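Letters A, B, ... are given to chains in the order of the sequence lines, protein chains preceding strands, and every chain is numbered from 1. What you see is a predicted model, and the numbers here were worked out from it, not measured in a lab.
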There are 2 protein chains.
Amino acid sequence: MRNIYILGAAGSIGLQTLTVLKENREHYHLVGLSLGSNHKTNFEILENFSVEIVCLRDETMILSYQKDYPDTSFVYGEQGLIEVATYHKPGILVNALSGSSGLKPTIAAIKTNKDIALANKETLVMAGDIVKKLVKEYHVNLYPIDSEHSALWQAMNGEDKSFIKKLVITASGGSFRDLNRKQLENVTVKDALKHPNWAMGDKITIDSATMMNKGLEVIEAHHLFDLEYDQIETILHQESIVHGLVYFIDGLVKASLSVSDMKIPITYALFHPNRRAYEHNLELTNLSFKPMDFNRFPLLQVAYDVGKQGGIMPTVMNAANEAAVKLFLIGKISFLDIESIVIETVKSYVQIEHPSLEEIIKTDQEVQEMIRITYGKR
Amino acid sequence: MRNIYILGAAGSIGLQTLTVLKENREHYHLVGLSLGSNHKTNFEILENFSVEIVCLRDETMILSYQKDYPDTSFVYGEQGLIEVATYHKPGILVNALSGSSGLKPTIAAIKTNKDIALANKETLVMAGDIVKKLVKEYHVNLYPIDSEHSALWQAMNGEDKSFIKKLVITASGGSFRDLNRKQLENVTVKDALKHPNWAMGDKITIDSATMMNKGLEVIEAHHLFDLEYDQIETILHQESIVHGLVYFIDGLVKASLSVSDMKIPITYALFHPNRRAYEHNLELTNLSFKPMDFNRFPLLQVAYDVGKQGGIMPTVMNAANEAAVKLFLIGKISFLDIESIVIETVKSYVQIEHPSLEEIIKTDQEVQEMIRITYGKR
C-alpha cells in the first residue's frame with residue numbers, strides 16, 4: 001500500500017487518475033488532493049475517497065466543506081497546493097495541474113522526497129534543468145503521464161539510451177487541422193474546443209489547435225529523455241493511435257500504440273514496470289502520417305527555437321501562451337492573436353541564461369500580467 | 001573477436017550476413033560455412049573470406065575447390081553440414097539453410113555449445129520442443145533472424161513476459177495478394193516468384209504466396225516466445241513496414257518497424273543487446289492493415305491446426321509443403337495443388353504425440369518421398 005497525492009484531482013487527468021485508484025484500492029492510499037471550482041465534482045470525489053488533506057481553490061469555500069468533512073484538513077490556493085505537496089507522509093504525487101501553477105508544487109514535493117507522476121507540462125518546460133537537478137539530489141523518480149511521453153518511455157524499455165537516434169512525437173493536428181491559415185481568421189472558441197479525437201481540458205484543447213501543446217511536449221521530451229532538440233521530431237497522425245516512435249541507430253523503430261485513453265499511461269506511471277490488466281480493444285486499421293507543417297503551425301517552430309535557446313525563453317513563451325489562451329477563451333482576442341502574441345512576446349524578451357527558480361516564477365507572472373493588461377482591455 | 005559459422009552462406013540471408021560481417025570484421029571471425037551450387041557466388045565468397053572449413057553441395061565439387069584453396073578443409077553434403085556445425089572452435093552458428101535440411105545441423109551445433117542465430121524456420125517447426133530442451137541443457141542462446149521474430153523479440157525488450165497478451169505477426173500477402181481464389185487457378189511459377197516487396201529465395205517466395213510462410217512463422221513464434229497459439233495472430237499489412245506487434249495486458253501495444261532490409265535483424269541477432277549504426281531511411285507514410293483472410297489462405301489455418309495438435313503433425317505439414325513447392329517450381333503441379341496436397345497429407349497422417357528426433361527426420365523423408373512419387377510423375 002503506497003500513499004498517493006493528486007493535484008488537479010477534479011480536472012480531466014485527475015478524474016481519470018481517481019478512476020484508476022478506485023480500481024486499485026489495495027495498492028494506493030489517497031492521502032491528499034487539490035480540487036477545482038465545481039462543487040458537484042468536488043463532493044463526488046470527497047464522498048468516494050476519505051483523504052487527510054484537501055486544497056480548495058479559495059478560502060471562502062473552506063467553511064462549508066469543513067462542516068461536511070470534519071476530519072479532513074482543508075487548505076486553499078497556491079499555498080494550499082504546496083501544503084498538499086509537502087504533506088508529511090511519503091508517497092507519490094500526481095501533478096495534473098494545468099499551467100504554470102504546477103511548477104512550485106512539483107518542486108516542493110520533490111524536496112519532501114516524493115516521487116512525481118507528471119502530467120503538468122509546464123514543470124519541465126519552465127524549469128526542466130532545475131527540476132532534473134533536484135530529482136537527482138533528492139533521489140526521487142519522475143514519471144511521465146502524458147500519453148506521448150509515456151509511449152516514448154515505454155518504447156525505450158530495455159534499450160540503451162546511446163542507441164537512440166531520434167524520437168518522433170505524433171500530433172493529431174487539433175480541432176482545426178483541416179483548415180488553412182486563411183480559414184483560421186474567424187474561428188470561434190466553441191469550434192476550437194471541439195477536439196476531433198477526445199475530450200480534454202480547455203487549455204490543452206486550444207494548445208492542440210495551435211500546436212503549442214506539441215511544442216511544450218517537445219521541450220518536455222528534451223528534459224525527460226536527455227536528448228537534443230534535433231533528435232526530437234513531430235509528425236501529423238490523424239488517428240491518434242501511435243503516440244510516439246523511437247528510432248534506433250540500426251534502423252529499427254519502436255512505436256507505442258493504444259486507444260486514446262489516458263487511463264493507460266496513468267496506470268503505467270503508477271504501476272510500472274508492472275502492467276495492470278485493462279480491457280481495451282485496439283483494432284488495427286489504417287494509420288496515416290504526414291510531415292509536420294511548420295508554416296501552418298508556427299508556434300511549434302517557436303517552441304523549438306526557445307527550447308534551443310534555453311534559459312528563461314521557454315518560460316516566456318509558455319507564459320505568453322497561457323495568458324493569450326485565457327484571453328481567447330473569454331473572447332478578448334482571436335484565435336490567430338494567440339500566435340502573434342506569443343511570437344511578439346518571445347521576440348521582445350531579453351534572455352536570462354541560467355535563471356533561478358525565483359526568476360522563472362517572476363518572469364512567468366510578469367509576462368502573463370503584461371499580456372493581460374495589454375490585450376485584455378479590448 | 002568471436003567465431004561465426006554460416007550455413008547457407010550463398011543464399012539470400014547468407015549473403016546478407018556476409019555483408020554484415022564484411023562491415024564488422026573486427027567483431028567476428030568467419031570460421032566455416034556451407035555453399036550452394038552457384039560456383040561464381042561460391043568463389044566470390046571464398047575470395048572475400050579466408051575460412052577454415054567449407055561444406056560444398058556434392059563430392060564432385062571438392063577437387064577443383066581444394067586446388068584453389070589448399071589451406072581450407074572441404075566437406076560436402078548433409079554430413080558436411082554437420083561437420084561445419086560441430087567444428088571444434090566455439091562460436092555462433094547462423095543457420096540460413098532453406099527447408100528441413102536445417103534441422104540436424106542446428107541440433108549438432110547446439111550439442112557443441114554453439115549459440116544459434118536462426119533463419120531456418122523448419123528447425124523449430126519440426127522439432128521446437130526438442131530444440132528448446134537442448135538449448136536449455138547446453139546453455140546456449142537461440143536468436144531469431146526472421147524479420148518478424150526479430151521485431152517481436154525486440155518489442156519485448158525490457159518487458160516481463162507475463163504482461164504479454166498476444167503477438168501479431170504481419171503478412172505482406174505475397175505475390176498473389178490481389179488475386180481471388182478463382183484467379184489463382186492458372187498462375188505460373190514466374191508470377192509466383194515475383195514478390196511485391198522484396199527478393200528472397202524461391203521456396204520462401206512461394207510460401208509467402210500460399211501464406212504457408214506465415215503459418216511456419218506462427219509455429220516458430222509459439223516455440224521461440226513460449227506463447228499459446230491463441231495468443232499469436234496474423235494481420236495483412238501490404239507495406240511491410242511494421243513487422244510485428246506485441247499487445248500488453250494494459251492496452252499498450254509495441255510495434256517494431258523498419259524498412260524491408262534483412263541486414264537489420266541479422267545485425268541485431270549478431271550484436272544484441274547492442275545496436276550497430278546503419279544508414280536507413282524509414283519515412284513514415286500510410287500504413288494499412290486488414291484482417292487475415294483464412295478462406296483466401298487456407299494453409300495458414302492448417303498451420304494453426306497442426307501447431308495446436310503438436311507432435312509429428314507440424315513436420316508432416318512442413319514436409320508436404322516442401323515437397324509440393326519443389327514440384328510446383330519444376331512445373332509438375334499447379335499453384336493450388338500445393339494447398340490440396342498439404343491439406344490431404346495432413347489429414348491422412350497418424351499423429352505421433354512425442355516424436356523422437358529420429359521419428360521426425362524419418363517422417364519428413366517419408367512424406368516428401370511419398371509426395372514426390374505420387375505427384376511428380378504427371
So, the part of B:L284 with a heavy atom under 4.5 Å from chain A: the answer is both

Applying a strict 4.5 Å limit to non-hydrogen atoms, the region of B:L245 in contact with chain A is side chain

ring-ring contact (aromatic ring centres under 6.0 Å, His included) filter on B:F176, not counting sequence neighbours, yields B:F335

Record all donor-acceptor atom pairs with a distance under 3.5 Å between chain A and chain B; write none if the list is empty.
from, atom 1, to, atom 2, distance (Å)
A:Q154, O, B:K254, NZ, 2.6
A:N157, ND2, B:E159, OE2, 2.6
A:E159, OE1, B:R275, NE, 3.0
A:E159, OE1, B:R275, NH2, 3.2
A:E159, OE2, B:N157, ND2, 2.6
A:E159, OE2, B:R275, NH2, 2.9
A:I249, O, B:Y278, N, 2.9
A:D250, OD1, B:R275, NH1, 3.3
A:D250, OD2, B:R275, NH1, 2.8
A:V253, N, B:L257, O, 2.8
A:V253, O, B:L257, N, 2.7
A:K254, NZ, B:Q154, O, 2.6
A:A255, N, B:A255, O, 2.8
A:A255, O, B:A255, N, 2.8
A:L257, N, B:V253, O, 2.7
A:L257, O, B:V253, N, 2.8
A:R275, NE, B:E159, OE1, 3.0
A:R275, NH1, B:D250, OD1, 3.3
A:R275, NH1, B:D250, OD2, 2.8
A:R275, NH2, B:E159, OE1, 3.2
A:R275, NH2, B:E159, OE2, 2.9
A:Y278, N, B:I249, O, 2.9
A:N286, OD1, B:F289, N, 3.2
A:L287, N, B:L287, O, 2.7
A:L287, O, B:L287, N, 2.7
A:F289, N, B:N286, OD1, 3.2

If one checks every heavy atom of A:L282 against chain B at 4.5 Å, the contacting part turns out to be both

Counting heavy-atom pairs under 4.5 angstrom with chain B, the leader among A:I264, A:V242, A:I241 is A:I264

In terms of heavy-atom pairs under 4.5 Å with chain A, the winner among B:P273, B:A155, B:A255, B:G158 is B:A255

